Amino acid sequence: QVQLVESGGGLVQAGGFLRLSCAASGSTFRFNTMGWYRQAPGKQRELVAHINSGGSTNYADSVKGRFTISRDVAKNTVYLQMNSLKPEDTAVYYCNRVSDARRSYNWGQGTQVTVSS
């Protein structure tokens, strides 16, 4: 019931930065824990970062210190600031409610991030 649209991906050189946005529409009457996920070629989709209704955040070890997840509740938008990008960050990035992701539900089209060396 919640539509999610990711944007902000692109091609960037190693060491560069990108800011991804996830705009939500539809039924957004609750605060939900939101996550950013990524899927690299030949790999399983993995959770990169998540943020709860109180603003508490968690990160995968591989991105800790480089990525920052944030949320603008009024705008129903979640962001992922990605700094010091590495080629291994190359993937399609998706946002989703963590509760929906656990049920393989409500995935959007994602946004491609490509990091060149």
Side-chain angles (χ1 to χ4, degrees):
Q1 293 294 318
V2 177
Q3 296 102 289
L4 302 168
V5 179
E6 301 93 340
S7 63
L11 174 64
V12 65
Q13 293 186 42
F17 58 89
L18 286 170
R19 189 194 192 207
L20 307 184
S21 297
C22 171
S25 62
S27 183
T28 56
F29 297 110
R30 295 185 186 179
F31 293 119
N32 297 288
T33 300
M34 298 294 298
W36 280 98
Y37 302 77
R38 68 185 181 188
Q39 187 165 25
K43 304 283 189 179
Q44 292 257 69
R45 182 176 279 149
E46 64 172 336
L47 178 64
V48 172
H50 65 271
I51 184 168
N52 70 11
S53 60
S56 180
T57 60
N58 282 282
Y59 300 91
D61 288 343
S62 59
V63 307
K64 199 169 296 181
R66 300 188 297 118
F67 291 10
T68 303
I69 187 170
S70 61
R71 183 176 187 171
D72 188 332
V73 175
K75 294 181 179 179
N76 293 317
T77 302
V78 182
Y79 304 95
L80 186 68
Q81 179 68 46
M82 306 186 296
N83 298 326
S84 302
L85 283 161
K86 304 174 180 179
E88 53 261 45
D89 295 319
T90 295
V92 179
Y93 283 72
Y94 304 86
C95 67
N96 208 349
R97 296 168 63 173
V98 169
S99 60
D100 287 346
R102 283 180 12 90
R103 301 171 183 176
S104 300
Y105 174 71
N106 207 37
W107 294 105
Q109 66 178 339
T111 185
Q112 176 72 49
V113 172
T114 303
V115 184
S116 65
S117 58

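Every value quoted in this text rests on a predicted model; they were computed, and no experiment measured them.
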Residues Ala14 and Ser117: closest non-hydrogen pair is CB-CA, 4.3 Å
Taking every heavy atom of Leu18 against every heavy atom of Leu85, the minimum-distance pair comes out as N-CD1, 3.9 Å
For [Y], is there any backbone N or O sitting under 3.5 Å from a side-chain donor or acceptor partner on [X]?
{"X": "Thr77", "Y": "Ala23", "result": "no"}
{"X": "Tyr59", "Y": "Ile69", "result": "yes"}
{"X": "Gln112", "Y": "Gly9", "result": "no"}

### Query
Quick one: does Val113's side chain get under 4.5 Å of Leu20's, heavy atoms only?
yes
So disulfide (SG to SG under 2.5 Å) across residues 37-68, not counting sequence neighbours, yields none
Value rounded to 0.5 Å, distance of [atom1] in [X] from [atom2] in [Y]:
{"X": "Gln3", "Y": "Asn76", "atom1": "CD", "atom2": "CG", "value": "11.5 Å"}
{"X": "Gln81", "Y": "Phe67", "atom1": "CD", "atom2": "CZ", "value": "9.5 Å"}
{"X": "Arg71", "Y": "Thr33", "atom1": "CZ", "atom2": "OG1", "value": "7.5 Å"}

Contacts of Tyr94 meeting ring-ring contact (aromatic ring centres under 6.0 Å, His included) (sequence neighbours excluded), chain-then-number -> Trp107
Extract all donor-acceptor atom pairs below 3.5 Å that involve side chains of residues 34-51 and protein atoms in other chains or at least two apart in sequence.
| unit_1 | atom_1 | unit_2 | atom_2 | d |
| --- | --- | --- | --- | --- |
| Trp36 | NE1 | Tyr79 | O | 3.3 |
| Arg38 | NE | Glu46 | OE2 | 2.8 |
| Arg38 | NH1 | Asp89 | OD1 | 2.9 |
| Arg38 | NH1 | Tyr93 | OH | 2.9 |
| Arg38 | NH2 | Glu46 | OE2 | 3.4 |
| Arg38 | NH2 | Ser62 | OG | 3.4 |
| Gln39 | NE2 | Lys43 | O | 3.2 |

Linking I/L/V/M/F/W/Y whenever their side-chain heavy atoms sit closer than 4.5 Å, directly or via other members, would Val2 and Val5 fall into one cluster? no
message = Applying side-chain contact (heavy atoms from CB on, under 4.5 Å) to Arg97 and Asn106, what does each step give before you reach the verdict?
response = CA-CA 8 Å; Arg97 296 168 63 173; Asn106 207 37; 5.5 Å; no
For Gln13, does the CD atom sit with more than 12 other heavy atoms under 6.0 Å from it, leaving out its own atoms?
no
